[in-house]
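As the structure is a prediction and not an experimental result, all values here were calculated from the model. Every chain is numbered from 1 and lettered A, B, ... according to where its sequence line falls, protein lines coming before strand lines. What's counted below: heavy atoms across the whole structure, side chains too, no hydrogens, waters or symmetry copies.
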There are 2 protein chains.
Amino acid sequence: MERPAQTIFYSLEKAIKSYRQFAQRNLADNGFSVTIDQGLILSLIQDNPGITQQQIAVRAFKDHASVTRIIENLVSRDFLKRDFHRDDRRRFELSVTASGTETLLQMEKTVVGNRTKALEGISAYEIETLKNLLERITQNCK
Amino acid sequence: MERPAQTIFYSLEKAIKSYRQFAQRNLADNGFSVTIDQGLILSLIQDNPGITQQQIAVRAFKDHASVTRIIENLVSRDFLKRDFHRDDRRRFELSVTASGTETLLQMEKTVVGNRTKALEGISAYEIETLKNLLERITQNCK
DNA sequence: CAAATATAATTGATATATCAATTAAAAATA
DNA sequence: TATTTTTAATTGATATATCAATTATATTTG
């Protein structure tokens, strides 16, 4: 059997973990107390008013249980507000607080910098190729 | 700022998570009680007699703390044996038990099947391209 | 309308990730 | 050789992942 280290899945794990560590370290070094995942969910809520936790889970490619817990954390630290939904009492109305918005704004520069650095020397064409291949793997794993 | 869902990092997360879920589900469906990570570490130990936990962490691209805990788990379920090292008492001598070897053998077919299915329709050349791009991202994140 | 079904979210259990601090032993060096 | 530094591994704290079970509410349907 092909050794794990030789498989493409190993390279995949390695690339995404490297990026996450790199991005997280840069955020921490710049004084931010939010994780990549927390930031992602915060920005999803800001960009999609009225989004449900289920939709967040699908879009952020996360488990529903994880979303619940990440949101609890963000609410407890006042980055996020959670109100009851007018029509559907199973849902919550999520909104980013002033402090959350402020944090997102301040993070933007670091986040853009992280992405730029991680993709240094890789052409737009190559990125498209990469994206296409990754999406084919995703499809195959359905 | 570019929306997270549009970035290549999103595609990366999605591909690796899809693969992991797919692979884990297939293992579970075939009655295996080990996770992908446990299997990876088990096979690393089998293929590299005398390997240290530090080396495992590097090769499996895992945190040392995680390696400690995964190994504890494998030892407690009798997939792995941990003896003191003759010369260096900080280390352990890790070896796969008969039960661990048996499990690895039985898993092989499923693991190979998972990989094959995930890469269906993707040429060897494309896989090389993908690997190369991923490794460039990994390098950029150093 | 009442019962069955579906949906939104939470909770519990277990595994892993990450960072920082700690322990124990080995190696280097003054 | 005694002290310092390094190395191997563990531990604690907190965050996330995953699966299964549960709760509460909405919706469907007989």
Would you say a side-chain N or O of [X] is under 4.0 Å from OP1 or OP2 of [N]?
{"X": "A:R82", "N": "C:dT10", "result": "yes"}
{"X": "B:K62", "N": "C:dT16", "result": "no"}
{"X": "A:S66", "N": "D:dA17", "result": "yes"}
{"X": "B:Q54", "N": "D:dT7", "result": "no"}
{"X": "B:N73", "N": "C:dT14", "result": "no"}
{"X": "A:T68", "N": "C:dT11", "result": "no"}
{"X": "A:Q53", "N": "C:dA8", "result": "no"}

Test item: [X] and [Y] side chains (from C-beta on) under 4.5 Å apart, heavy atoms:
{"X": "A:M107", "Y": "A:L42", "value": "no"}
{"X": "A:Q139", "Y": "A:E135", "value": "no"}
{"X": "B:F9", "Y": "A:R115", "value": "yes"}

(message) When you measure only distances, ignoring hydrogens and angles, does the side chain of A:R69 come within 3.5 Å of the base of D:dT18 through a donor and an acceptor?
(response)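 Present.
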(message) On the side chain of B:R89, is there an atom forming a donor-acceptor pair with the base of C:dT23 - under 3.5 Å, no angle test?
(response)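 Looking at the base of C:dT23, it does not pair with any donor or acceptor on the side chain of B:R89 (distance under 3.5 Å).
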(request) Tell me which of A:I36 and B:H64 sits closer to the 5' end of DNA chain D, going by the nucleotide each one is nearest to. (result)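 Nearest nucleotide further toward 5': that of B:H64.
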(request) Nearest-nucleotide wise, let me know which of A:Q38 and A:R90 is further upstream toward the 5' end of DNA chain D. (result)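 That would be A:Q38.
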(message) Check A:R20 with B:E13, please: is the shortest side-chain N to carboxylate O separation under 4.0 Å?
(response)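 Salt bridge: yes.
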(request) Among D:dA26, C:dA17, C:dA9, find the nucleotide with the atom closest to the side chain of A:R91. (result)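 Of D:dA26, C:dA17, C:dA9, C:dA9 is nearest to the side chain of A:R91.
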(request) Select one nucleotide: of C:dT16, C:dG12, C:dT18, the one nearest the side-chain heavy atoms of A:A65. (result)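 So the nucleotide nearest the side chain must be C:dG12.
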(message) For A:Q38 and A:R77, which I'm curious about, is there any donor-acceptor pair between the side chains at under 3.5 Å?
(response)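 Their side chains do contain a donor-acceptor pair, which is all the 3.5 Å distance test asks for.
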[X] [atom1] - [N] [atom2] separation (whole Å):
{"X": "A:Q55", "N": "C:dT7", "atom1": "CD", "atom2": "P", "answer": "13 Å"}
{"X": "A:I16", "N": "D:dA17", "atom1": "CD1", "atom2": "P", "answer": "12 Å"}
{"X": "A:D87", "N": "D:dT27", "atom1": "CG", "atom2": "C1'", "answer": "14 Å"}
{"X": "A:R86", "N": "D:dT25", "atom1": "CZ", "atom2": "P", "answer": "18 Å"}
{"X": "B:D63", "N": "D:dA13", "atom1": "CG", "atom2": "C1'", "answer": "13 Å"}
{"X": "A:R25", "N": "C:dA17", "atom1": "CZ", "atom2": "C1'", "answer": "15 Å"}
{"X": "B:H85", "N": "C:dA26", "atom1": "NE2", "atom2": "C1'", "answer": "13 Å"}
{"X": "A:E13", "N": "C:dT18", "atom1": "CD", "atom2": "P", "answer": "10 Å"}

(request) Identify, between A:I71 and B:V67, the residue whose nearest nucleotide on DNA chain C lies closer to the 5' end. (result)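 The 5'-side residue here is A:I71.
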(message) Let me spell it out: for each of B:T35 and A:D88, pick the nucleotide of DNA chain C with the closest heavy atom. Which residue's pick is nearer the 5' end?
(response)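 The residue mapped nearer the 5' terminus is A:D88.
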(message) Once salt bridge (charged side-chain N to carboxylate O under 4.0 Å, His left out) is applied, do any residues pair with B:D83, and if so which ones, sequence neighbours excluded?
(response)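 In terms of salt bridge (charged side-chain N to carboxylate O under 4.0 Å, His left out), with neighbours along the sequence ignored, B:D83 is linked to B:K81.
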(request) Describe the nucleic acid contact of B:D37 in one word from base, sugar-phosphate, nothing, applying a heavy-atom distance below 4.0 Å. (result)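 Sugar-phosphate, no base atom in range.
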